[in-house]
Peer 1: 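Starting off with a structure, shown below.
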Amino acid sequence: MARIIVVTSGKGGVGKTTTSAAFGTGLALRGFKTAIVDFDVGLRNLDLIMGCERRVVYDFVNVIQGEATIGQALIRDKRLPNLAVLAASQTRDKDALTQEGVGRVLDDLSREFDYVLCDSPAGIEKGAHLAMYFADDAIVVTNPEVSSVRDSDRVLGLLASKTRHAERQDGKVNEHLIITRYAPKRVSKGEMLSLQDVQDILSIPLLGVIPESPTVLQCSNAGTPVILEDKSEAGQAYGDTVARYLGEARPLRFVEEEKGFLRRLFGG
Amino acid sequence: MATRPSSVSRVQACELKGAGFTFTVLKVFDADPERIARQVTRRIQQAPDFFKGAPIVLDLQAVPEGDWDLSTLVERLRALDLVPVAVRGADGAHEQQARTLALGVLAEGRSAAGEPRPTVVEATPTTRLVTEPVRSGQQIYAKGDLVVVGPVSHGAELLAEGSIHVYGALRGRALAGLRGDRSARIFCRVLEAELISVAGYYRLAEDVEPALRGQGAQIYLDGENLHVLPL
């Protein structure tokens with residue numbers, strides 16, 4: 001049985017899909033069979049970030065409605081043989097998703113894969129609800145900014161009450177926090193919430209901090225998961241994050257303000 | 001003329017005397033007459049003669065409080081050839097119903113076997129304990145006091161008929177003494193609340209002295225004034 005991981009946030013534009021693509025690719029790089037499912041029906045994006053948008057024939061909704069098999073709809077990654085994407089439908093809306101149908105698709109995927117990542121849409125309505133419903137683990141993506149943190153807090157409340165584990169009272173969803181677009185320089189200027197501020201409010205374990213980096217946008221446009229850019233800070237930070245998820249100890253990097261050349265030289 | 005015992009005078013038609021009898025007590029745990037009837041029937045089948053026409057006392061002490069019909073239960077038992085004679089441990093409404101059904105109401109005290117009666121557990125409002133963080137959008141209601149161990153986020157709401165204690169940061173709303181208890185108080189270790197209220201008197205975050213924000217504080221009502229004092 002696969003572990004089902006939901007990548008969620010409440011707020012839009014904080015980096016859920018970027019994180020889903022990077023994290024899923026990271027698990028595949030470690031040798032795990034990984035599927036990433038786009039739950040954002042009507043606003044399909046994951047295929048673009050993963051660079052497989054030209055190969056979408058069938059999608060998630062087709063499979064739920066029995067118009068295609070899961071095997072037909074899964075898009076195998078060209079870079080990593082054990083990575084696959086299930087695209088969202090662009091022509092439908094969230095009402096095309098049913099709890100029973102989603103459960104069936106995730107069951108099917110669980111048989112073949114080690115990890116199934118559910119890339120949640122923004123908001124707390126049906127699409128987001130179904131993306132989190134079957135989860136074993138949750139990755140909550142937050143920007144160091146008050147509205148994003150508050151929305152994540154709301155989502156954490158839903159994870160504790162509106163998931164299958166909560167309803168069956170058979171354990172809880174493991175919550176992990178990833179802070180994206182972190183800019184230490186702006187934190188020290190007081191323009192951005194610090195790691196400590198965010199953790200104070202959300203009080204869940206921190207899985208990773210992804211620094212603000214132009215590479216993220218370049219990778220999105222190129223259809224390359226940023227974790228594959230292992231020279232970039234963001235790519236390395238995602239690598240650390242995946243390692244921590246798998247139980248390895250990694251120190252937090254890229255969270256202190258970069259020191260100038262001379263100060264670095266003299267350890268100032 | 002028949003001889004009478006000498007102790008009984010002819011002018012007396014009757015005499016009151018105290019006497020102890022052994023009754024079968026039917027302890028009721030569930031207010032569903034059908035379930036009770038089924039279980040009693042099974043018992044009767046094991047010893048039909050013993051139970052035939054047996055007077056029984058209904059012990060209602062363990063029945064969860066609520067609206068249920070005593071007369072249905074009595075009817076079912078009579079249909080099984082039992083003779084309910086009295087009730088014990090009934091709440092006010094069911095005691096009243098027992099009287100209308102011409103059943104005796106036995107006083108509190110020791111049971112026939114001499115074992116001490118368990119004390120009646122009053123449905124007093126108890127303290128509600130919350131050990132998880134209270135997230136934005138969540139609402140927690142306590143009939144008595146409310147104790148929150150973790151933080152209470154912006155947009156979360158604590159409602160208590162008694163007092164509220166928060167050991168993490170209080171960033172949401174806290175309303176104590178919800179049903180008018182003016183002696184209720186709010187205690188918190190880090191006061192960053194959006195709104196605090198006791199018995200309907202409230203203060204918004206901007207009405208709290210800036211010096212008190214982020215501090216440990218207690219909030220209580222004195223007359224018409226809601227006071228915020230550092231802890």
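Here is the naming used below: chain letters follow the sequence lines, and residue numbers restart at 1 for every chain.
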Peer 1: Within a radius of less than 6.0 Å around NZ of A:Lys126, do more than 12 heavy atoms belonging to other residues, nucleotides or ligands occur?
Peer 2: yes
Peer 1: Compare every heavy atom of A:Arg154 with every heavy atom of B:Gly137, then report the nearest pair and how far apart it is.
Peer 2: CA-CD, 3.9 Å
Peer 1: Does B:Glu206, at its CD atom, have more than 12 non-hydrogen atoms belonging to other residues, nucleotides or ligands within less than 6.0 Å?
Peer 2: no
Peer 1: Using a cut-off of 6.0 Å, state whether more than 12 heavy atoms not belonging to B:Arg173 lie near its atom CZ.
Peer 2: no
Peer 1: Counting only non-hydrogen atoms closer than 4.5 Å, does A:Asp200 touch chain B with its backbone (N, CA, C, O), its side chain (CB onward), both, or neither?
Peer 2: both
Peer 1: Do A:Asp153 and B:His154 come within less than 4.5 Å of each other through their side chains, counting heavy atoms only?
Peer 2: no
Peer 1: When you look at CZ of A:Phe254, are more than 12 heavy atoms from neighbouring residues, nucleotides or ligands closer to it than 6.0 Å?
Peer 2: yes
Peer 1: Hey, does the side chain of B:Arg135 reach the backbone of A:Leu202 with a donor-acceptor pair shorter than 3.5 angstrom?
Peer 2: yes
Peer 1: So for atom CZ, which belongs to B:Arg35, do other residues, nucleotides or ligands contribute more than 12 heavy atoms lying within a distance under 6.0 Å?
Peer 2: no
Peer 1: Please rank B:Ser153, B:Gly168, B:Gly150 by heavy-atom pairs under 4.5 Å with chain A and give me the top one.
Peer 2: B:Ser153
Peer 1: To the nearest 0.5 Å, tell me how far B:Glu132 CD sits from A:Ser161 OG.
Peer 2: 11.5 Å
Peer 1: Sort out for me which of A:Ile124, A:Leu156, A:Leu158 touches chain B most, counting heavy-atom pairs under 4.5 Å.
Peer 2: A:Leu156
Peer 1: Assess whether atom CD of B:Glu209 is packed by more than 12 heavy atoms of other residues, nucleotides or ligands within 6.0 Å.
Peer 2: no
Peer 1: Provide the closest heavy-atom pair for A:Ile201 versus B:Arg171 in the form atom of the first, atom of the second, distance.
Peer 2: CA-NH1, 3.6 Å
